[in-house]
There are 2 protein chains.
Amino acid sequence: METETEIFKKYLNKKNLKFTHERQSILKEIFLTHNHFDIESLYERLKTKGKNISRATIYRTIPLLIESNLINKAIRYKDRIYYEHIYGHKSHSHFICINCGKIIEFENDEKDKIIKRIKRKYNFKIVESKLIIRGYCKNCLKKEKK
Amino acid sequence: METETEIFKKYLNKKNLKFTHERQSILKEIFLTHNHFDIESLYERLKTKGKNISRATIYRTIPLLIESNLINKAIRYKDRIYYEHIYGHKSHSHFICINCGKIIEFENDEKDKIIKRIKRKYNFKIVESKLIIRGYCKNCLKKEKK
DNA sequence: ATTGCAATTGATATTCATTCTCATTATAGC
DNA sequence: GCTATAATGAGAATGAATATCAATTGCAAT
Ligand SMILES: [Mn+2]
Ligand SMILES: [Mn+2]
Ligand SMILES: [Zn+2]
Ligand SMILES: [Zn+2]
């Protein structure tokens with residue numbers, strides 16, 4: 001199985017783009033843990049580690065990682081986009097708690113069936129599909145009752 | 001079957017809010033046709049008809065209509081939110097063409113099944129759920145080939 | 001009809017994520 | 001190392017959405 005770095009390098013090469021230190025640091029930081037992340041927190045995490053990479057560079061790198069099929073937009077919450085790894089992870093959907101922001105992933109093989117049917121029926125070229133559930137998590141419901 | 005106006009009035013009443021001319025005009029314009037719409041185009045449509053209602057008022061009225069279960073957020077495209085009627089319309093999902101913005105609605109009873117299962121399994125209180133497909137429509141694919 | 005008062009409005013300022021600009025610097029192939 | 005081209009950082013710009021606030025309106029009680 002190829003490493004994330006190999007995949008990213010291959011992609012950049014194909015597009016005549018460069019594997020800069022900044023892109024390397026961003027890639028490394030993102031794949032350090034398997035968490036949903038947003039740009040601002042990624043920026044802060046890098047800063048903490050002494051990597052003063054500008055927000056602009058991060059914003060410019062994200063689409064490249066998406067194009068490389070390494071990450072994806074997972075969900076939008078409070079005007080921020082949360083991304084996630086997809087390389088090496090089974091496809092899944094998300095529930096997000098409107099109150100506390102907690103994200104729960106769940107399997108849904110049925111979704112792929114729906115997508116396939118729609119694709120056949122309408123002759124679309126599908127780029128992405130998402131099933132998102134918004135609501136209140138167990139914890140937040142408990143608190144509310146008090 | 002109650003009219004949209006009756007429903008909206010009832011909701012406003014319950015919340016001690018007022019059925020103003022502005023809110024009436026916005027409601028009327030929205031339910032004039034069954035189309036997905038965004039705030040800016042709604043603002044323009046009202047203007048054309050001599051209703052100079054400020055954007056602020058429209059932005060403030062939309063959440064009230066959502067709370068009344070008359071409309072809903074349908075899809076996000078190019079940084080704009082597109083809304084749609086839900087009152088009197090069967091639940092459905094959306095495909096949107098990334099190239100031309102065309103929206104196609106499709107039935108998906110399976111979605112409700114998924115949602116119910118997830119709800120049971122995790123004890124969520126579900127507020128909304130969406131299945132969205134992004135890609136290229138037939139027309140845009142045809143053009144691309146040339 | 002008048003009053004009183006909370007709700008509403010419009011104009012404008014503000015916020016905030018994201019994108020753009022551009023002068024300076026780094027990368028990679030020769 | 002040299003060169004062409006891509007990339008970067010700093011800060012400005014954008015644009016949808018929200019907040020502010022003085023002036024206005026709706027409506028229920030008199
Ligand atoms: Mn996930
Ligand atoms: Mn629709
Ligand atoms: Zn929660
Ligand atoms: Zn199209």
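Throughout, protein chains are lettered first and strands after them, A, B, ... in sequence-line order, and every chain is numbered starting at 1. Scope of the values below: all heavy atoms of this structure, side chains included, with no hydrogens, waters or symmetry mates.
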(request) Check whether the side chains of B:H94 and B:E84 place a donor and an acceptor atom closer than 3.5 Å, and report yes or no. (result)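 Yes, side-chain donor-acceptor contact under 3.5 Å.
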(message) Whether the A:H36 and A:E105 side chains hold a donor-acceptor pair (N or O, under 3.5 Å, no angle test) is what I'd like checked.
(response)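 Yes, a side-chain donor-acceptor pair sits under 3.5 Å.
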(request) Kindly say whether, by distance alone, the side chain of A:K18 makes a donor-acceptor pair under 3.5 Å with the base of D:dT5? (result)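 Indeed, a donor on one side and an acceptor on the other fall under 3.5 Å apart.
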(request) Assess whether one donor atom and one acceptor atom, taken from the side chain of B:R23 and the base of D:dG26, lie less than 3.5 Å apart. (result)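 Answer no: no donor N or O sits under 3.5 Å from an acceptor.
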Would you say a side-chain N or O of [X] is under 4.0 Å from OP1 or OP2 of [N]?
X: B:T20; N: C:dA7; result: no
X: A:T57; N: D:dG9; result: yes
X: B:Y59; N: D:dT18; result: no

Closest listed nucleotide, where the reference is the side chain of [X] and the choices are [options]:
X: B:R80; options: C:dG10, D:dA16, D:dA17; answer: D:dA16
X: B:R60; options: C:dA28, C:dA17, C:dG10; answer: C:dG10
X: A:A56; options: C:dT18, C:dG10, C:dC20; answer: C:dC20
X: A:F19; options: C:dA28, D:dA6, C:dG10; answer: C:dA28

(request) Map A:I39 and B:K15 onto DNA chain C by nearest heavy atom, then report which one ends up closer to the 5' terminus. (result)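 Nearest nucleotide further toward 5': that of B:K15.
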Rounding to a whole Å, what distance do you find between [X]:[atom1] and [N]:[atom2]?
X: A:N52; N: D:dA7; atom1: CG; atom2: P; value: 21 Å
X: A:Y43; N: C:dT19; atom1: OH; atom2: P; value: 17 Å
X: A:R55; N: D:dA12; atom1: CZ; atom2: P; value: 14 Å
X: B:I62; N: C:dT9; atom1: CD1; atom2: P; value: 13 Å
X: B:E40; N: D:dA16; atom1: CD; atom2: P; value: 7 Å
X: A:K78; N: C:dA17; atom1: NZ; atom2: P; value: 12 Å
X: A:K51; N: D:dT8; atom1: NZ; atom2: C1'; value: 15 Å
X: A:I53; N: D:dG9; atom1: CD1; atom2: C1'; value: 11 Å

(message) Need to verify one output field. Residue with the more 5' nearest nucleotide on DNA chain D, B:I81 or B:N13?
(response)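 This one resolves to B:I81.
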(request) On DNA chain D, check which nucleotide each of B:H21 and B:R76 is closest to and give me the residue with the more 5' one. (result)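 Comparing both residues, the 5'-ward one is B:R76.
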Ionic contact status for [Y] with [X], cut-off 4.0 Å:
X: A:D109; Y: A:K90; answer: yes
X: A:E40; Y: A:R80; answer: no
X: A:K111; Y: B:E110; answer: no

(request) Determine whether B:I81 and B:I98 fall in the same hydrophobic cluster, where Ile, Leu, Val, Met, Phe, Trp and Tyr are linked whenever their side-chain heavy atoms lie under 4.5 Å apart. (result)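 No, because B:I81 and B:I98 fall into different hydrophobic clusters, even though each may have its own neighbours under 4.5 Å.
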(message) Which label fits A:H34 and A:H89: parallel for a plane angle under 30°, tilted from 30 to 60°, or perpendicular past 60°?
(response)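 If you compare the ring of A:H34 with that of A:H89, the planes turn out parallel.
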(request) Treating a pair as Watson-Crick (purine N1 to pyrimidine N3 plus N6-O4 or O6-N4) or G-U wobble (N1-O2 and O6-N3) with both distances under 3.5 Å, list the stems of 3 or more consecutive pairs that involve DNA chain C. (result)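 Ordered by first number, the stems with DNA chain C (at least 3 consecutive pairs each) read C:1-30 with D:1-30.
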(request) Please check if the side chain of B:Y82 supplies one atom and the backbone of B:K73 the other of a donor-acceptor pair under 3.5 Å. (result)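 It does not hold such a pair.
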